[in-house]
> 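Pasting a structure here, questions to come.
For the single chain, residues carry numbers from 1 onward in sequence order. Hydrogens, waters and symmetry mates play no part in the numbers below; they use all other heavy atoms, side chains included.
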Amino acid sequence: MKAPRTLAAVTAINLALLVLLLAQQLRPASAESAAPILRGRALQIVDGQGRVRASIDVLPATVSPNGDEQAETVLLRLITERGRPSVKLGSSEPGSGLSIAGPTGTSDTYVILQAKGTTSSLKLRNEDRRERVVEP
């Protein structure tokens with residue numbers, strides 16, 4: 001007599017668990033399940049072929065062999081499908097800047113907007129090496 005009751009109780013518990021699991025699966029996903037903060041030292045976004053197309057890095061402070069100090073810098077790069085970092089946005093305590101480069105195959109076409117210390121400038125340069133620097 002005990003076995004049928006135990007079997008019925010286990011079957012009822014299994015059925016209740018099945019209903020609960022199905023109810024969770026049928027409930028629509030919500031944004032609340034996402035982590036509120038993504039933390040890391042760097043971030044890379046890749047395209048369908050696995051090539052890095054954008055990156056955000058925190059570069060450590062360094063000293064060059066000739067003694068020049070580079071402050072810790074946060075750098076955002078946007079990279080073309082051919083691998084050229086055509087847009088760079090950098091920020092550090094001594095200064096910040098934005099660099100926009102010409103297409104792949106050019107070496108002297110760019111725009112640099114920077115603020116360094118208490119000064120700012122805008123540098124425009126064409127492939128024919130004509131250049132204009134604008135300062136206040």
Side-chain angles (χ1 to χ4, degrees):
M1 212 30 112
K2 229 177 183 185
R5 285 185 186 167
T6 304
L7 186 58
V10 169
T11 303
I13 290 171
N14 281 337
L15 184 59
L17 287 173
L18 177 64
V19 169
L20 283 173
L21 287 173
L22 287 174
Q24 286 180 347
Q25 293 297 322
L26 295 176
R27 189 176 59 194
S30 67
E32 294 173 330
S33 64
I37 296 175
L38 177 63
R39 294 177 60 103
R41 297 202 182 274
L43 173 66
Q44 292 183 336
I45 298 173
V46 297
D47 62 14
Q49 287 76 42
R51 297 176 299 209
V52 176
R53 298 299 304 277
S55 67
I56 301 174
D57 294 301
V58 178
L59 306 174
T62 59
V63 177
S64 69
N66 64 357
D68 293 336
E69 293 182 13
Q70 291 287 327
E72 180 180 85
T73 303
V74 177
L75 184 62
L76 165 68
R77 290 184 183 108
L78 302 180
I79 304 164
T80 69
E81 63 272 13
R82 292 187 177 176
R84 181 180 176 97
S86 58
V87 177
K88 295 180 188 177
L89 177 63
S91 178
S92 67
E93 193 56 40
S96 298
L98 171 66
S99 168
I100 302 172
T104 302
T106 62
S107 60
D108 282 322
T109 302
Y110 57 83
V111 174
I112 298 174
L113 174 63
Q114 73 176 2
K116 196 177 221 180
T118 59
T119 63
S120 61
S121 65
L122 172 64
K123 183 177 184 178
L124 307 161
R125 185 166 174 143
N126 288 337
E127 196 64 23
D128 62 7
R129 298 195 173 165
R130 288 186 308 140
E131 177 178 302
R132 180 171 298 169
V133 177
V134 180
E135 296 175 330

> Apart from Leu75 itself, which Ile, Leu, Val, Met, Phe, Trp or Tyr residues share its cluster (side-chain heavy atoms under 4.5 Å, direct or through members)?
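Reading the cluster by chain and number, Leu75 sits alongside Leu59.
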> For Arg53 and Glu81, which heavy atoms make the closest approach, and how far apart are they?
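Minimum heavy-atom contact is NH2-N, 3.4 Å.
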> Do Ile56 and Ile45 land in one hydrophobic cluster if side-chain heavy atoms of ILVMFWY residues count as linked below 4.5 Å?
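Different clusters: Ile56 never reaches Ile45 through Ile, Leu, Val, Met, Phe, Trp or Tyr contacts under 4.5 Å.
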> Under a 4.5 Å cut-off applied to non-hydrogen side-chain atoms, are Ile79 and Gln44 in contact?
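Of all side-chain heavy-atom pairs linking Gln44 with Ile79, none is under 4.5 Å.
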> When you compare the side chain of Glu127 with that of Thr109, does any pair of heavy atoms fall below 4.5 Å?
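Yes, close enough: below the 4.5 Å cut-off.
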> For residues 66-77, which residue pairs pass the side-chain hydrogen bond (donor to acceptor under 3.5 Å, both in side chains) check, not counting sequence neighbours?
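Residue pairs with at least one partner in residues 66-77: Asp57-Arg77, Ser64-Asn66, Asn66-Asp68.
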> Locate the shortest heavy-atom distance separating Arg84 from Ala101; write the atom from each residue and the value.
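Shortest heavy-atom separation between Arg84 and Ala101 comes out as NH2-CB, 3.6 Å.
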> Using the salt bridge (charged side-chain N to carboxylate O under 4.0 Å, His left out) criterion, which residues pair with Glu93? Sequence neighbours excluded.
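Checked Glu93 against salt bridge (charged side-chain N to carboxylate O under 4.0 Å, His left out); zero matches.
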> State, with a plain yes or no, whether a side-chain heavy atom of Leu18 is found less than 4.5 Å away from one of Leu22.
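Yes, close enough: below the 4.5 Å cut-off.
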> Check whether Asp47 reaches the backbone of Arg51 with its side chain - one donor and one acceptor, N or O, closer than 3.5 Å.
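The answer is yes, because a donor-acceptor pair under 3.5 Å joins these two groups.
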> Go through it in stages, so that I can follow the logic: the residues are Leu122 and Leu124, the test is side chain to side chain contact (heavy atoms under 4.5 Å, CB included), and I'd like the CA-CA distance, side-chain angles, deciding distance and then a yes or no.
CA-CA 7 Å; Leu122 172 64; Leu124 307 161; 4.3 Å; yes
> Kindly compute the distance separating CG (Leu78) from NZ (Lys88), expressed to the nearest 0.5 Å.
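If I round to the nearest 0.5 Å, the distance is 11.5 Å.
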> Do we see a donor-acceptor contact under 3.5 Å between the side chains of Glu135 and Ser121?
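No.
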> Do you know which two heavy atoms are closest between Val52 and Ser55, and how far apart they sit?
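Answer, listing the atom of Val52 first, then Ser55: CG1-CB, 4.4 Å.
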> Determine, using the 4.5 Å side-chain heavy-atom cutoff (strictly less than), whether Val134 and Ile112 are members of one ILVMFWY cluster.
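In one cluster: no.
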> Would you say the side chain of Val87 lies within less than 4.5 Å of the side chain of Leu98, judging by non-hydrogen atoms?
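The answer is yes; the side chains approach within 4.5 Å.
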